[in-house]
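Worksheet: the structure to be examined is printed underneath.
Below, chains carry the letters A, B, ... as their sequence lines are ordered, and counting in each starts from 1. Bear in mind that the values here come from a model prediction, so they are computed numbers and not experimental data.
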Amino acid sequence: MFDNLTDRLSGAFDGIFKRGILTEDAVNQAMREVRVALLEADVSLPIAKDFVEKVKAEAIGEKVLKSVKPGEQVVKIVNDALVETLGSTNEGLNIAHTPPVAILMVGLQGSGKTTSSAKLGKFLTEKERKKVLMVSLDTQRPAAQEQLQLLGQQINVDTLEIIKGQSPVDIAKRGMDSGKKEGYDVVILDTAGRLSIDKELMSEVEAVRNLTKPRETLLVADAMTGQDAVTTADNFNSQIGVTGIILTRIDGDARGGAALSMKAVTGCPVKFMGTGEKTDALELFHPERIADRILGMGDVVSLVEKAAETIEQADAEKMAKKFQKGKFDLEDFASQLKQMRKMGGFSSIMSLMPGMGKLKSAIEDANIDDTVIKQQEAILSSMTKKERSEPRILNASRRKRIASGSGTSVQDVNRLLKQFQQMQTMMKKMRKMGGKGLMQSISGMLGGGGGQELEAMAAKMGMDIPAGLSDNSDSPLGANPFDDNGGLPSNNAANNPMGANPFAGDSMLGMGGMPELENGRPMKMNKRKKAQAKRRKGKN
Amino acid sequence: MIGFFKKKNKKPEEVEEIVETVEEVQEVQEVSQPETGWFSRLTKGLSKTSNKLTENIGAVLTKKKLDADTLEELEEALIVADMGPETAMKLTVALSKERFGKDITDEEVREFLADEIEKVLEPVMQTLVLEKQENGPCVVLMAGVNGAGKTTTIGKMAHYYSSQGKKVMLAAGDTFRAAAVEQLKVWGERSNCPVISKDTGADAGALAYEAYAEAKKQNMDILFIDTAGRLQNRTELMAELEKVVRVIKKQDETAPHATLLVLDATTGQNAHSQVDIFSRAANVSGLVMTKLDGSAKGGVIVSLAEKFKTPIYAIGIGEKIDDLRSFEAKAFARSLMGLSE
Ligand SMILES: Nc1nc2c(ncn2[C@@H]2O[C@H](COP(=O)(O)OP(=O)(O)O)[C@@H](O)[C@H]2O)c(=O)[nH]1
Ligand SMILES: [Mg+2]
C-alpha cells in the first residue's frame, strides 16, 4: 500500500504534467488515486465518489504554482475540500435551555459511549461550570451501569442511583425527575450499544428520546469504523435524529475516514474527539487533523499552503528562468530571503519538512537562525539596485558603506558575497548533474542510507564534505559556517547545503523553482521516523 | 468440526422473533424459511451484507456482458464490504481474466467470486482445539482493542467449553477499565465458571500469574485470561501485554496455548494494523470476529487472510451467551455474496 497521497500522486503525475496547469487528463488520473486513498482511509464509497467529483471540478484548470509539484497542488486542493467538508472547529454543545437539559448518547456496541459520557460530564462540570447528572440506561451489557457509576466517582460527577430491573425508559424518567428536583443543569443519558438495524432496540431509544427531549443527541463512533459508517450514521440519524458526532479513539492509528462519511451523510458536525482512555482525553474537533490523517501525511499540505501564500507566481517563474540561464543576482538572493522569512523562517520551514527533524536540530546547534537571514536582508537592502544586479562592482568602499548602512561589519558583507558566489557555483554544478537534486540525495541520506549518497554526490560535484555531515555525528554541519574567521571556505558549498544558504533551502522546497528538481520525485517520508513520531504523540 | 458451535434447536418464540426481524429488515430479499442451523443464523447475521452486495451486483448485471463498467461497479460492491481496494481489485481482475467480454449471469458472477473468496478463506478456517496440558490448564489469552468484544467472547466460549464438560476458569485481566472485573464476573455466573480477580488498578501480570496457579491447583482444563483493551499503536500498552505473556510463561513455558485477537466487524482497514502489531507483540494464534449480526460486513477478513494467513476460529453474532459460531469459509464467502448454502 502507498504510504500517502503525495507519493501516490507523484506517480500519477509522472509525465503528465506539462504546461503549468492541471489538465483534465491529469486530474482524472489523479482523482483515481485520490479515490483509492480515501477508500483505504475507510471513507465510505458513496461519500468518496461524491467527494472526488466535487474536487475534480475544482481542480481542473487550476494553475499549478511553479513552486510546488503538481501532485502537491492536488493534495492541497483535496485537503482544503476535506477540511471544508469535515466542518468547522468550534461546534460547541447546544445546551442553553431550561434545565435540566438532556444529552443523549447513542451508538453501536463498544464505540465508547460510557467513557465519552464521563468525559463530557467532566468537561461540562469543570469547563462550563454545569451541575451534571449522569445516568446509565444500559441494562444490556453486564456491569455497564456500575462502570458509569465508578467513573462518576472518579471525576466527581453525580450518577443516578442504580435500581436493578428498571427498564431504560423508566430509568430515563427517573433521571429527568431527579434532574429537575435536584437542580441539575445537564443530564447525560448513556445508553446501551445497539445495532442500527435492531428494530427493537432502536424503538426503545426512540422512546427515551421522546420522553427526555434531548437538546443534543450525540452519535458516538469509533475512528476505526469502516464502510459501515454511512449505514450506521444514516440509520441513527433518520430514526432518532442525531445532532452531533463524537469520534472516539483518535489516539489510535486508524485513518479516520469514517468521520467524513458520517459528517457527509448526516450533515451533523463532529463535535468532539476522544483522544485517550483517561477522562480528560476529550477535545473539540479539529477538521485539519482528521484531514491530514485521511490523506496520511504530516504537514506537507500546510507547507504547500505557506508557499502558495507567499510566493507570487510571476516571481517564481521569472526566477526559474534566471536559474536556467545561470543568471542569479543579489536581487534574486534578496527576494529569496524575503520569501523564506515570510514562510516563518528557516527552522519553521525545516520543521514542516518530513524527515527533516535531524537537520533542524543540527541547524539549531550550528546557530544558523533567522537573525542571520535578517542580517543578510539588511545588508542587501543597503545596496543600490545596480549593486544588486551587478555584484562585480562592489569594491571596498562600497562594501564599507553597505556595512555601516546595515549596521553590520565589512566581514559580514564579505561573507554574504562569498556565499552568493558559492550559490552560483553550486547552481551551475547542479545543472550539470541533471535531474538528480541535492535535496533528494540528502533525504535519501536521512532515510537511513547513511551519508554515502551525499558524499558520492558531493564527489561528483567536486566538493568535499565535512565528516560531521555524513556520519550524523552531533554537529553534522561541522564548524559553524558563520564563524568569524573562516567564513565559508570557498568552493565548498556543500559544507553548508542546508544552512543559511537560502538557495538550498528553496530548492528543497521546490520554491523559487529549481527546474531540475521540479520533475524529481518528492521526498519520501522517513517511515521509521514517522512511526516514532506517532508513538511519541500517543504517549502524551 | 462444524459441530463445535452448532446450535441446538431454538425455542419457538425465538424463532418467531428472528423471522420477524428478518422480514422487517430484509424487505428486498425473500424471507428464508426459519432454519435453526448455524448457517441460517450466520446468514441472518450477514443478511445485510448479502443484501447490499446482491443488490449492487444485481443492478450491475442487468446487461449480461462483462465489460469494464460492470467490473468497476463490481469492484465497488466488494469495497463496500470492507474488503479494501486492493483485494477488491484482485478479485475483479480474476473474474475479468476468465470472463471478460463474455455473457455472464448474475448468479455466475456471485458463484465465481464466492469461490475465489472461499479459496482465500479456506486455509485460515481452523478449529480451536483447547486441550488440558500435562502440567496444567490450557491457557487462552484474549487480546484486542477497546470494545472489540473480548470479555463477551470469553463469556461465550466459557459457556461453550463448560457445556462440553470442560472445567473452565476465567481471569479478570482487565484491571484497567472501570467495572471490567464486575462484567467478567457476570459472565462467570452465566457460564458457571469461577472467576479469579483483583481490584481495578492491580497488576495484570500478577493477576495472570495467580490465576494460573489457582487453575492448576483446581485442576482446570482451560483458563481464559481477559485483558484490557488497548490500541495497538500505544507501545507502552503493548509492552504491558508482552509482560503478561512473559509472566504466564514463568509457570508454563508453552503457555499461552492460544492467543486470540478479537476484531470488531465494524472496523475497516485498521484491522490490518491490529493484526500486524498484536501478532508481533503477543504472537496471536487466531482471530475472532465479533458483531457480524450488524450492518457491517466484515469483508476485511478476506484481505487479512490473504495477507497474514492467521487462523480464524470463530465469529460473534450477538450479545447472548450462545451467539458464537465457528468460522466457516464457504458459508462466509457464499453468504457475503448473497448465495444460499
Ligand atoms: N451485536 C453484538 N455485540 C457484541 C458482540 N460481541 C460483543 N458485543 C458487544 O460489544 C460491546 C463491547 O464488548 P466487550 O466484551 O465489553 O468488549 P471488550 O472491551 O473487548 O471486552 C458490549 O456491549 C458487547 O455486548 C457481537 O458479536 N454482536
Ligand atoms: Mg473487556
Give every donor-acceptor pair under 3.5 Å between a side-chain atom in residues 77-85 of chain B and any protein atom, sequence neighbours left out.
{"unit_1": "B:Asp82", "atom_1": "OD1", "unit_2": "A:Gln227", "atom_2": "N", "d": "2.8"}

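- Heavy atoms only, all atoms of each residue included: A:Ile197 and B:Ser295 are closest at CD1-N, 3.9 Å.
- Checked against side chain to side chain contact (heavy atoms under 4.5 Å, CB included), B:Lys185 has the following partners two or more places apart in sequence or in another chain: B:Val181, B:Val195, B:Ser197.
- Between the side chain of B:Asn233 and the main chain of A:Asp251, a donor-acceptor pair closer than 3.5 Å is present.
- Of the residues considered (A:Gly110, A:Ala143, A:Pro142, A:Ala144), A:Pro142 shows the highest number of contacts with chain B, using heavy-atom pairs under 4.5 Å.
- Taking every heavy atom of both residues into account, A:Leu150 and B:Ala178 meet most closely at CB-CB, 3.9 Å.
- Taking CD of B:Gln183 as the reference point, atom CD of A:Glu146 lies at 10.5 Å (rounded to 0.5 Å).
- Taking the side chain as every heavy atom from C-beta outward, B:Ile277 and A:Asp253 approach each other to under 4.5 Å.
- The minimum heavy-atom distance linking B:Gly268 with A:Asp42 is given by the pair CA-OD1, 3.4 Å.
- The local environment of NZ in A:Lys122 is crowded, with over 12 non-hydrogen atoms from other residues, nucleotides or ligands closer than 6.0 Å.
- The distance from atom CG of A:Leu195 to atom OG1 of B:Thr266, rounded to the nearest 0.5 Å, is 8.0 Å.
- Of the residues considered (A:Lys49, A:Gln154, A:Gln149), A:Lys49 shows the highest number of contacts with chain B, using heavy-atom pairs under 4.5 Å.
- Of the atoms belonging to B:Val145, it is side-chain heavy atoms, and not backbone ones, that fall under 4.5 Å from chain A.
- When the candidates B:Arg177, B:Met89, B:Glu182 are compared by the number of heavy-atom contacts under 4.5 Å with chain A, B:Arg177 comes out ahead.
- The candidate from A:Leu151, A:Thr248, A:Thr225 with the greatest count of non-hydrogen atom pairs under 4.5 Å with chain B is A:Thr225.
- Between the CD atom in A:Gln109 and the CD atom in B:Glu319 there is a gap of 4.0 Å [rounded to 0.5 Å].
- Note that CG of B:Leu263 is 9.5 Å distant from CE of A:Met224, once rounded to the nearest 0.5 Å.
- To the nearest 0.5 Å, the span separating CG on A:Asp198 from CG on B:Asp293 amounts to 8.5 Å.
- Contacts between B:Leu237 and chain A at a heavy-atom distance below 4.5 Å involve the side chain alone, from C-beta outward.
- Looking only at heavy-atom pairs under 4.5 Å with chain A, the residue among B:Ala88, B:Gly299, B:Ser273 that has the most is B:Ser273.
- Of the two parts of A:Arg35, only the side chain, counted from C-beta on, holds a non-hydrogen atom closer than 4.5 Å to a non-hydrogen atom of chain B.
- For A:Leu108, the part lying near chain B is the side chain, with the backbone staying farther off; criterion is any non-hydrogen pair under 4.5 Å.
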